[in-house]
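Remarks on the structure that follows.
Both ligands and their constituent atoms are indexed starting at 1 by order of listing.
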Amino acid sequence: MQRIAVIVLLALATTAHAQLIPYPASVNPATGQFTITRRTGVVADPAFVSEASYLKSYLGRYLGAAPTGRGISLQKDASITNPEGYHLTITPQQITITASGSAGIFYGIQTLRQLLPAKIENGSGPTIAAPATDITDAPVFPWRGMMLDVSRHFFSVTYVKHYIDMMAMYKLNHLHLHLTDDQGWRIEIKHYPRLTQKSAWRTFNDQDSACMQLEKETGNPDFRIDPAHVRVVNGRTEYGGFFTQAQIKDIIDYAAKRHVEVVPEIDMPGHMMAAILQYPELMCEEKPASDWRHGFSTPICPCKDTVLEFAKNVFGELADLFPSKYIHIGGDEVEKSEWKKSPLVARFMEEHHIASLDALQSYFNDYMQAYFHSKGKTLMGWDEIVEGGINSEAAVMFWRPWARRSPYEATANGNKVVMTPDGPLYFDAWPDRNTLESVYRYNPLDTMYGMSEEQQKNILGVQANLWTERVPTGDRADYLVMPRMGALAELGWAHKDRYADYLERLDASYDRLDRLHVHYRLPDLPEMADRRVFIDTAHFMVTMPGRWTVRYTTDGTIPGPASPRLTHPLTIDHSLTLKVAVFAPDGRRGDVQEVGFDRQAYATPVTGGARPGLGCTRYKGEFNHTRDIGGTPDSALTTPGVGLPAGIELPAYGLQFRGFINVPETGIYSFFLTSDDGSQLRIAGRLVVDNDGMHPAREKSGQIALQKGAHTFALDYMDGGGGGSLRLTYSKEDGPVKPVPNEWFSY
Ligand code: ACM
């Protein structure tokens, strides 16, 4: 009897540990539990009063009164060397968190929190139990960040605090606020009131209309322009908003209590259109906006004393406001053609012996860096700041995967670097079933960067960026960053491959996220072929873990919470398109997946070709789609099967493979066609796979019902330049996927 109780309790402990994200360095679940009641007090070292008060109010919300007495102890342990490390022990008698600093204590509290049942987040009750355990933990990287672009679309103080709350739960410690850009200035600067009176507001722009269009197309209210950020002035409707310095202080204070440092970015010298529209003297040569409002905007002019004065005044107010060590100067994508045309710039470069426009940006960075230094701050910038040379004290944010050498160059120069590459760590990228894993598996120390061990020590850590051109609401922001933020946290904190159990821990954590009102992206349906062929009837079924329901429609409409539930296999006897989606307990819908069912008769065989292989005609030229392939053939080749013939050295071309495919058995065949760029496969005159258009290597699949024997085979392929690939595999009746054997082809 007792033994069973022990096993049950240990199972409970294991379930609780199955919610920990990021997973701690060392976890030893024990038997038993500590029951927290209103009489469980928090006793803390004086250095940890803020953390003690955070914990008391957190528990007090659930218990209905702040706990008093003893039971939870937050103590100093100077032997824990990592300033963010901690030791958490839970026994039936006591909960103890020790650390050398307050950050470690805070992270110990976050781990304790994730060990408590999810109802702690929004429920109430007289007691709540923490499973016995012993956890020793510390992060691998000191910088675990999230960027929020509040310029392209604006977010309220309430939303920023919610963002900070999500970060704190996952032990992320830097919130980078992208406060200004071409589309809006979002922070009060007392020296320059027009920056917020005017530059914080715009009439609806192309980014707003893109969101409106997305709302219309998808019916998704997350794309709605938030009416809280719209005003009408003298009959003119404007979008915008800004943080007052008092609001910024409130955000900084809120974040500091959660051990999140807020790093401000004012993007200079490019991306400054919002400011220039009100202060045109910031340009080298003043001209009407219609002359320069194109592409990336004209940069401000580093060759004018008034501009340097402006930059110092702005950053001076920032340095006084933000306690962060780093201040971000942006520095990305500076469109230098206006500098190139300017006689003022030419004169200045000659006088100062500045050899290139990149070096002119470096001159500006050096000047500002010295100013930051005088304010006790360190300059940080996007990786372009490395190009014209940069002082080794500056810190760099690597974002351009195509400038892969820049982490090498920066770390070799002694600069600290935060890895935040476009692709895996740009969370504005539309998520699909692969994005979470690509975040998790991103390696900031990858050998592709070529850094020595010594250079790797300059990697501060990782950060994900949320650019908000198409993110007009907090709900859309939540959807894009969650659950990716947890994968980022595990990458930055643990940097170990635990992906399989990470997915289980994620699954166990959705209940908590629901209670915290996080508008996360729902999990994907299992992977499925998106076009299916059948002869008499087809069956369709997918299952998801217990908390999710799957709903579908067959009439082309988007499934809603009232659409039929998929609880047993559907029998399909005519051609139709099924739309399927996962639903959360509160009725929220996941991404909609389409599956086409095509009722076909078996294609009857024809007489095949006399020779083995396929004919392949090549066309020189740039084609956007395979249907555009044409003109005079460049050469006629034969190939043993499907693949790119060796020795094609054209920058852009099209290929037409023609012949027959001889299948050995009657059945339903699936074909999987991967190409970079576009391709289309037709068999027996039927379109089987449409993978057309310009795109990176991508697989598409389709099915066809074939009688045993030869059928016409036509595959078109185009490479628009930049290198190509082409591959065809098949499976029969959902069997294993294999390459299509060359012996099947004739022409
Ligand atoms: C950036 O994405 N332009 C830093």
For residues 396-404, run the donor-acceptor check on the side chains, cut-off 3.5 Å, and write out each pair with its distance to 0.1 Å, sequence neighbours left out.
from: Trp399; atom 1: NE1; to: Glu384; atom 2: OE1; distance (Å): 2.9
from: Arg400; atom 1: NE; to: Asp383; atom 2: OD1; distance (Å): 2.4
from: Arg400; atom 1: NH1; to: Glu387; atom 2: OE2; distance (Å): 3.0
from: Arg400; atom 1: NH2; to: Asp383; atom 2: OD1; distance (Å): 2.7
from: Arg400; atom 1: NH2; to: Glu387; atom 2: OE2; distance (Å): 2.9

Given salt bridge (Lys or Arg N to Asp or Glu O under 4.0 Å), test Arg258 with Asp165 step by step and report yes or no.
CA-CA 8 Å; Arg258 287 154 185 79; Asp165 284 335; 3.1 Å; yes
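Using modelled atom types, one finds no donor on one side chain facing an acceptor on the other under 3.5 Å when comparing His174 with Gln463.
When ring centroids are compared, Tyr363 and Phe348 come within the 6.0 Å threshold.
Protein residues having a heavy atom under 4.0 Å from any atom of ligand 1 are Asp332, Glu333, Trp382, Trp399, Tyr426, Trp467, listed by chain and number.
The shortest side-chain heavy-atom distance between Leu513 and Met169 falls under the 4.5 Å cut-off.
Using a cut-off of 4.0 Å between Lys/Arg side-chain N and Asp/Glu carboxylate O, Asp253 and Lys249 are scored as not salt-bridged.
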